[in-house]
There are 2 protein chains.
Amino acid sequence: MTDPSTPRPGQADPGVLAEGVSAVLRHLVLLLRRTTAGQPVTTQQYAVLGSLEQGPRRMTELAEEHAVQLPTMTVQINRLEDAGLVARGADPADARVRTVELTGEGRDRLLAVRRARIARLGQDLAALTEKERATLAAALPVLAKLGRT
Amino acid sequence: MTDPSTPRPGQADPGVLAEGVSAVLRHLVLLLRRTTAGQPVTTQQYAVLGSLEQGPRRMTELAEEHAVQLPTMTVQINRLEDAGLVARGADPADARVRTVELTGEGRDRLLAVRRARIARLGQDLAALTEKERATLAAALPVLAKLGRT
DNA sequence: CAGCTAAGTTAGTTGGGCTAAGTATGACCG
DNA sequence: CGGTCATACTTAGCCCAACTAACTTAGCTG
């Protein structure tokens with residue numbers, strides 16, 4: 001695999017760039033795994049809690065947003081419910097749908113974990129130069145656009 | 001969670017930038033998951049095969065590189081060995097260590113999967129503008145530097 | 001050579017994903 | 001108005017991937 005720290009000329013070509021992005025993605029995934037091991041909620045649980053921050057959601061919505069099948073989300077929510085972090089509710093207009101919302105404890109946990117993650121990431125970012133941070137900031141919208149076909 | 005597609009001013013500040021990076025990482029992880037589902041090797045297996053491309057490695061090396069405990073790597077290698085993609089060997093200098101290397105089939109599989117992945121990523125990248133690709137290319141070395149504390 | 005350390009493996013648990021199949025409710029149509 | 005189809009979930013059963021604890025085997029050292 002290509003060393004992600006040694007960019008080569010001609011990277012604006014999609015094919016060549018893809019190799020670099022692929023290598024960097026691998027690096028980032030390994031990094032993420034290292035930094036999120038042993039936290040009070042798993043990455044998945046944290047992500048689901050994040051989806052509930054703005055208010056109750058339906059199971060199907062959550063499954064779609066997390067690119068997961070419904071049964072998978074059912075199990076996730078079961079675990080979060082057992083942990084007291086979310087509560088299931090009902091939709092008065094349609095008895096088939098189950099809603100899910102954060103409990104007070106769930107919201108506290110979400111915010112605490114987010115603070116910890118951002119602080120950790122902030123340390124890494126603080127080690128960069130101002131120029132490097134600007135370069136990174138410029139690339140964020142591009143990365144966010146990837147896969148939004 | 002912050003919408004990764006709406007960057008705000010002041011992102012060169014490590015704290016603010018961290019939020020954006022965090023959101024984008026979430027997006028990329030979801031994207032990766034979607035694009036790698038149902039391939040002939042799992043993401044983990046692919047990553048391990050990639051580590052073997054340059055030649056035989058020891059179990060401990062592999063475990064460290066993938067930020068995983070030894071027993072986890074043992075099981076991974078067992079599966080890859082059962083699939084005929086890698087072979088275990090011995091270190092003549094130290095009878096405790098087991099080496100692992102690609103089989104011919106393993107190398108073929110690695111290259112095929114890599115081609116498929118890079119092609120897929122290349123499609124996404126081709127949808128960007130030339131300028132966006134340049135922005136992304138410039139950020140790759142910075143991303144590669146993250147976490148290399 | 002006794003005892004400690006290092007390298008791997010085995011066993012058992014948990015989390016997270018999948019498909020297939022079941023239940024209950026809503027919607028539609030003759 | 002009742003039968004049939006579709007929708008929203010849940011349950012059950014499977015695999016992969018991570019962990020810790022405990023075991024085996026081999027090297028190292030006093």
Side-chain angles (χ1 to χ4, degrees), chain A residues 26 29-51 56-83 85-101 113, chain B residues 26 29-51 56-83 85-101 113:
Chain A
R26 184 191 183 205
V29 166
L30 288 179
L31 177 62
L32 252 193
R33 187 173 309 153
R34 266 181 251 120
T35 60
T36 62
Q39 287 199 311
V41 298
T42 67
T43 303
Q44 287 315 307
Q45 291 176 333
Y46 170 68
V48 172
L49 291 180
S51 292
R57 311 286 301 276
R58 318 167 39 141
M59 295 296 298
T60 39
E61 285 179 331
L62 291 174
E64 250 177 58
E65 179 169 339
H66 293 271
V68 141
Q69 300 300 312
L70 248 189
T72 300
M73 191 50 68
T74 293
V75 175
Q76 291 265 31
I77 297 299
N78 284 346
R79 272 193 285 262
L80 289 170
E81 198 176 23
D82 290 347
L85 303 181
V86 306
R88 274 188 170 90
D91 180 342
D94 186 339
R96 292 172 303 179
V97 337
R98 314 291 328 256
T99 60
V100 185
E101 59 187 329
V113 173
Chain B
R26 184 193 182 201
V29 166
L30 287 180
L31 176 63
L32 257 191
R33 186 173 311 152
R34 266 182 251 119
T35 60
T36 62
Q39 286 200 311
V41 298
T42 67
T43 302
Q44 286 317 305
Q45 290 176 334
Y46 171 68
V48 172
L49 291 180
S51 294
R57 311 287 300 278
R58 320 168 38 143
M59 295 297 297
T60 39
E61 284 179 332
L62 291 174
E64 251 178 57
E65 179 168 337
H66 293 270
V68 141
Q69 300 301 311
L70 249 189
T72 300
M73 191 51 68
T74 293
V75 174
Q76 291 265 32
I77 296 300
N78 284 346
R79 271 194 285 262
L80 289 171
E81 197 176 22
D82 290 347
L85 303 181
V86 307
R88 275 187 170 90
D91 180 343
D94 186 339
R96 291 173 303 176
V97 336
R98 314 291 328 255
T99 60
V100 184
E101 58 187 330
V113 173

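Per chain, numbering begins at 1; letters A, B, ... match sequence-line order.
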Between [N] ([atom2]) and [X] ([atom1]): distance, integer Å:
{"X": "B:Gln76", "N": "D:dC19", "atom1": "CD", "atom2": "P", "value": "10 Å"}
{"X": "B:Arg88", "N": "C:dG8", "atom1": "CZ", "atom2": "P", "value": "10 Å"}
{"X": "B:Met73", "N": "D:dC19", "atom1": "CE", "atom2": "C1'", "value": "14 Å"}
{"X": "B:Glu81", "N": "C:dT10", "atom1": "CD", "atom2": "C1'", "value": "15 Å"}
{"X": "A:Asp91", "N": "D:dC9", "atom1": "CG", "atom2": "P", "value": "9 Å"}
{"X": "A:Asp82", "N": "C:dT14", "atom1": "CG", "atom2": "C1'", "value": "14 Å"}
{"X": "B:Gln69", "N": "C:dT13", "atom1": "CD", "atom2": "C1'", "value": "15 Å"}
{"X": "B:Tyr46", "N": "D:dC16", "atom1": "OH", "atom2": "C1'", "value": "19 Å"}

Would you say [N] has OP1 or OP2 under 4.0 Å from some side-chain N or O of [X]?
{"X": "B:Gln44", "N": "D:dC16", "value": "no"}
{"X": "A:Gln45", "N": "C:dG15", "value": "no"}
{"X": "A:Arg79", "N": "C:dG16", "value": "yes"}

Measuring from [X]:[atom1] to [Y]:[atom2], what's the distance to the nearest 0.5 Å?
{"X": "A:Met59", "Y": "A:Thr99", "atom1": "CE", "atom2": "OG1", "value": "10.5 Å"}
{"X": "A:Asp82", "Y": "A:Ile77", "atom1": "CG", "atom2": "CD1", "value": "11.0 Å"}
{"X": "A:Met73", "Y": "A:Ser51", "atom1": "CE", "atom2": "OG", "value": "7.0 Å"}
{"X": "B:Leu70", "Y": "B:Arg58", "atom1": "CG", "atom2": "CZ", "value": "10.0 Å"}

| message | What's A:Arg58 touching, base or sugar-phosphate or nothing? Going by heavy atoms closer than 4.0 Å. | response |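 Contact class for A:Arg58: sugar-phosphate only.
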| message | Under 4.0 Å, counting only non-hydrogen atoms across every strand here, what does A:Thr72 touch: a base, just sugar-phosphate, or nothing? | response |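 Base, at least one base heavy atom under 4.0 Å.
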| field | Closest nucleotide among C:dG8, C:dC18, D:dA18 to the B:Leu70 side chain | value |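 Minimum distance to the B:Leu70 side chain belongs to C:dG8.
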| message | Side chain of B:Thr60, heavy atoms from C-beta onward: which of C:dA7, D:dA18, D:dC9 has the nearest atom to it? | response |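 Within the option list, the nearest is C:dA7.
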| task | Would you list the pairs meeting salt bridge (Lys or Arg N to Asp or Glu O under 4.0 Å) in which at least one residue belongs to residues 69-81 of chain B, sequence neighbours left out? | result |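 Qualifying pairs: B:Glu81-B:Arg88.
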| said: Assuming nearest nucleotide by heavy-atom distance, tell me which of A:Pro92 and B:Arg98 is located more 5' along DNA chain C. | reply: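 In this pair, the answer is B:Arg98.
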| task | Say whether, by atom type as modelled, one donor and one acceptor occur between the side chain of B:Glu65 and the main chain of B:Leu62 under 3.5 angstrom. | result |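 Such a contact is absent between B:Glu65 side chain and B:Leu62 backbone.
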| field | Short N-O contact, B:Arg57 and B:Glu101, less than 4.0 angstrom | value |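 Salt bridge flag = no for B:Glu101 with B:Arg57.
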| request: Sugar-phosphate atoms are those with a prime plus P, OP1 and OP2; base atoms are the rest. Using that split, label each nucleotide of nucleotides 22-30 of chain D B, S or - for protein heavy atoms under 4.0 Å, 5' to 3'. | output: ----BS---
